[in-house]
Amino acid sequence: EDIDSFIQSLSEVDKTFLLMFENGKIAVKSAKDYLKTHGLMLAFYVNTINEKAYEHLDDNLIQIENESIKVFEEFGPLLEKIKERVRNEH
């Protein structure tokens with residue numbers, strides 16, 4: 001796992017998106033509303049985040065499940081680390 005390179009690969013839009021997760025998930029509607037302001041489509045965007053995660057962490061980070069986007073359980077602690085580092089950057 002290379003958390004540092006993963007964080008460096010994230011855009012400001014990505015970082016803000018990941019900060020929106022609470023308890024490892026975000027409502028699809030909230031995600032769509034945020035992404036729409038940046039001209040992004042949800043399914044395409046989730047795929048983009050997962051491509052970055054796969055490149056740096058060797059696995060997908062998030063998935064769309066019913067009305068939520070969830071972090072894969074094994075990455076819950078990692079997401080909290082990422083959120084902490086992103087908050088410290090700002």
### Query
Do the side chains of Met41 and Met20 join up, straight or via other hydrophobic residues, at under 4.5 Å, putting them in one cluster?
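No, it is not one cluster - the side chains of Met41 and Met20 are not joined through contacts under 4.5 Å.
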### Query
Honestly curious: do Tyr54 and Leu78 fall in one hydrophobic cluster under the side-chain, below-4.5 Å linking rule?
no
From [X] atom [atom1] to [Y] atom [atom2], the distance as rounded to the nearest 0.5 Å:
{"X": "Glu55", "Y": "Ser9", "atom1": "CD", "atom2": "OG", "result": "7.0 Å"}
{"X": "Leu79", "Y": "Phe21", "atom1": "CG", "atom2": "CZ", "result": "7.0 Å"}
{"X": "Ile69", "Y": "Leu61", "atom1": "CD1", "atom2": "CG", "result": "11.0 Å"}
{"X": "Arg85", "Y": "Glu89", "atom1": "CZ", "atom2": "CD", "result": "9.5 Å"}
{"X": "Asp59", "Y": "Glu74", "atom1": "CG", "atom2": "CD", "result": "5.5 Å"}
{"X": "Leu10", "Y": "Thr48", "atom1": "CG", "atom2": "OG1", "result": "11.5 Å"}

On a heavy-atom basis, which atom in [X] and which in [Y] lie closest, and how many Å separate them?
{"X": "Ala31", "Y": "Leu42", "result": "CB-CD1, 3.9 Å"}
{"X": "Val28", "Y": "Ser68", "result": "CG2-N, 3.5 Å"}
{"X": "Leu19", "Y": "Lys83", "result": "CD2-O, 3.7 Å"}

### Query
Which residue, Phe75, Tyr45, Phe17, forms the side-chain contact (heavy atoms from CB on, under 4.5 Å) with Ile62?
Phe17
### Query
Is the closest side-chain heavy-atom distance between Ile82 and Ile3 below 4.5 Å?
yes
### Task
Say whether, by atom type as modelled, one donor and one acceptor occur between the side chain of Thr37 and the main chain of Tyr34 under 3.5 angstrom.
yes
#### Entry: Under 3.5 Å donor-acceptor, Asn47 side chain and Ala43 backbone
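A pair under 3.5 Å: no.
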### Query
Do Asp14 and Ser11 have side-chain atoms, one donor and one acceptor, less than 3.5 Å apart?
yes
### Query
Does a sphere of radius 6.0 Å around CG in Asp4 hold more than 12 heavy atoms from other residues, nucleotides or ligands, not counting ones at 6.0 Å or beyond?
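Enclosed.
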### Query
When you look at Glu12 and Lys15, which way does the salt bridge (Lys or Arg N to Asp or Glu O under 4.0 Å) test go after all the steps?
CA-CA 5 Å; Glu12 286 304 311; Lys15 291 174 182 178; 3.8 Å; yes
### Task
May I ask you to say whether Lys25 pairs ionically with Glu65, meaning some side-chain N is under 4.0 Å from a carboxylate O?
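Salt bridge absent between Lys25 and Glu65.
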